[in-house]
Amino acid sequence: MSVWYERGRVWPRIGLLAVLLGALLVLSAPGPRQEPEEEEQSDRIMVDATGLLQGIIKGISDGDYDRYARRFSPVMKKAQSREAFLELQKRLQRKLGRFKSMEYLGYYVQYGKIITLFKARFSKEKEDVLIKLVFNSKERNPLVAGLWFDSPSLAK
C-alpha cells in the first residue's frame with residue numbers, strides 16, 4: 001500500500017508540472033504578427049508623416065511660410081494663409097518656446113484619412129505636446145489635410 005500511496009503523490013506533481021509548462025509555453029509564445037504588407041504600409045506611413053511634420057516644424061521655426069505649407073492640400077493652403085501662419089508661429093513660440101524633439105506614436109484611419117500622432121517637446125512646455133497630422137491614405141505623395149497642436153498651454 002505504501003508503494004501505491006507514493007505513486008499517488010507523484011501523479012499530482014506530474015500534472016502540476018505539465019500545467020506549469022503549458023502556461024509557460026503560452027506566455028512565451030509571440031503575439032500576433034502583422035502581415036508583411038501591413039508592416040510595410042505602417043513603415044511607409046511613419047516615414048511619410050515624419051517627413052511631412054519635420055518640414056512643417058522647420059517652416060514654423062524659420063518663419064518660412066513656403067516650407068511650412070509646401071505639402072498642404074489645396075483646402076489646407078486656403079485655410080492657412082500667410083497671416084494665419086504668422087499668428088500660429090507667434091503663438092507657438094510665445095506659449096511653447098523652441099521645438100526640441102518629436103516622437104512618432106502611431107496612426108489610425110478614419111473616413112479614408114490617416115491620422116498620425118506625435119509626441120513633441122518644446123523649450124517652455126514642461127509636458128508633452130500632442131501633434132495630430134492628417135493626410136489622405138490613397139495618395140502616393142500625401143498632402144497634409146489637417147494639423148493640430150494639443151497642449152494645456154495653448155488652451156490658455
Side-chain angles (χ1 to χ4, degrees), residues 16 18-156:
L16 179 62
V19 168
L20 289 175
L21 285 174
L24 183 61
L25 248 167
V26 168
L27 292 174
S28 66
R33 292 185 172 223
Q34 287 184 333
E35 293 295 320
E37 290 174 6
E38 287 179 34
E39 205 170 297
E40 188 178 303
Q41 180 184 4
S42 188
D43 290 346
R44 184 186 56 79
I45 289 169
M46 180 184 69
V47 168
D48 287 348
T50 302
L52 288 168
L53 188 56
Q54 285 173 337
I56 289 168
I57 296 290
K58 183 78 170 131
I60 292 171
S61 296
D62 295 348
D64 183 349
Y65 174 77
D66 291 330
R67 181 173 186 121
Y68 165 75
R70 178 178 298 153
R71 300 282 304 275
F72 281 5
S73 69
V75 172
M76 187 76 174
K77 277 188 181 177
K78 190 174 182 180
Q80 285 291 300
S81 65
R82 187 175 297 278
E83 292 75 28
F85 162 74
L86 293 173
E87 183 59 38
L88 172 70
Q89 180 197 31
K90 201 178 339 176
R91 186 163 187 238
L92 289 177
Q93 289 177 345
R94 185 173 18 105
K95 300 274 186 169
L96 302 178
R98 265 183 10 268
F99 172 78
K100 291 169 65 176
S101 66
M102 71 178 181
E103 177 184 340
Y104 176 78
L105 300 175
Y107 76 95
Y108 61 99
V109 179
Q110 194 172 54
Y111 303 115
K113 304 284 186 197
I114 296 176
I115 295 96
T116 55
L117 305 171
F118 290 85
K119 175 175 71 172
R121 301 293 297 171
F122 289 83
S123 62
K124 290 182 181 178
E125 178 61 65
K126 289 180 177 68
E127 298 191 26
D128 294 329
V129 174
L130 178 67
I131 301 175
K132 287 185 190 180
L133 181 75
V134 180
F135 56 92
N136 190 325
S137 62
K138 293 176 178 65
E139 295 177 13
R140 191 77 173 137
N141 293 313
L143 298 176
V144 176
L147 175 68
W148 288 270
F149 291 84
D150 187 11
S151 167
S153 296
L154 294 172
K156 297 175 187 176

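Since the model is a prediction, treat every value here as computed from it, not as a measurement. The figures here come from the full heavy-atom set of this structure, side chains too, leaving out hydrogens, waters and symmetry mates.
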Trainee: First locate atom CD1 of Ile114, then atom CZ of Arg44, and finally report the distance between them rounded to the nearest 0.5 Å.
Mentor: 6.0 Å
Trainee: Side-chain atoms of residues 90-100: list all donor-acceptor pairs with protein atoms under 3.5 Å, sequence neighbours left out, distances to 0.1 Å.
Mentor:
unit_1, atom_1, unit_2, atom_2, d
Arg91, NH2, Leu154, O, 2.2
Lys95, NZ, Lys156, O, 3.2

Trainee: Which value, rounded to the nearest 0.5 Å, describes the distance between Ile57 atom CD1 and Ile131 atom CD1?
Mentor: 4.5 Å
Trainee: Strictly distance-based, threshold 3.5 Å: is any side-chain N or O of Ser73 a donor or acceptor partner for the main-chain N or O of Leu143?
Mentor: no
Trainee: Starting at CG of Leu130, measure out to CZ of Phe118 and round the result to the nearest 0.5 Å.
Mentor: 10.5 Å
Trainee: Have Tyr68 and Gln89 got a donor and an acceptor in their side chains that come within less than 3.5 Å?
Mentor: no
Trainee: Take atom OH in Tyr111; do more than 12 heavy atoms of anything else shown fall under 6.0 Å from it?
Mentor: no
Trainee: Rounded to the nearest 0.5 Å, what separates atom CG in Asn141 from atom CG in Asn136?
Mentor: 12.0 Å
Trainee: Can a salt bridge be assigned to the pair Arg82 and Asp66 using a cut-off of 4.0 Å between side-chain N and carboxylate O?
Mentor: yes
Trainee: To the nearest 0.5 Å, how far apart are CG in Leu147 and CD in Gln80?
Mentor: 7.5 Å
Trainee: Is there side-chain contact between Phe85 and Ile60, with heavy atoms separated by less than 4.5 Å?
Mentor: yes
Trainee: Report, as yes or no, whether the 6.0 Å neighbourhood of atom NZ on Lys124 holds more than 12 heavy atoms from other residues, nucleotides or ligands.
Mentor: yes
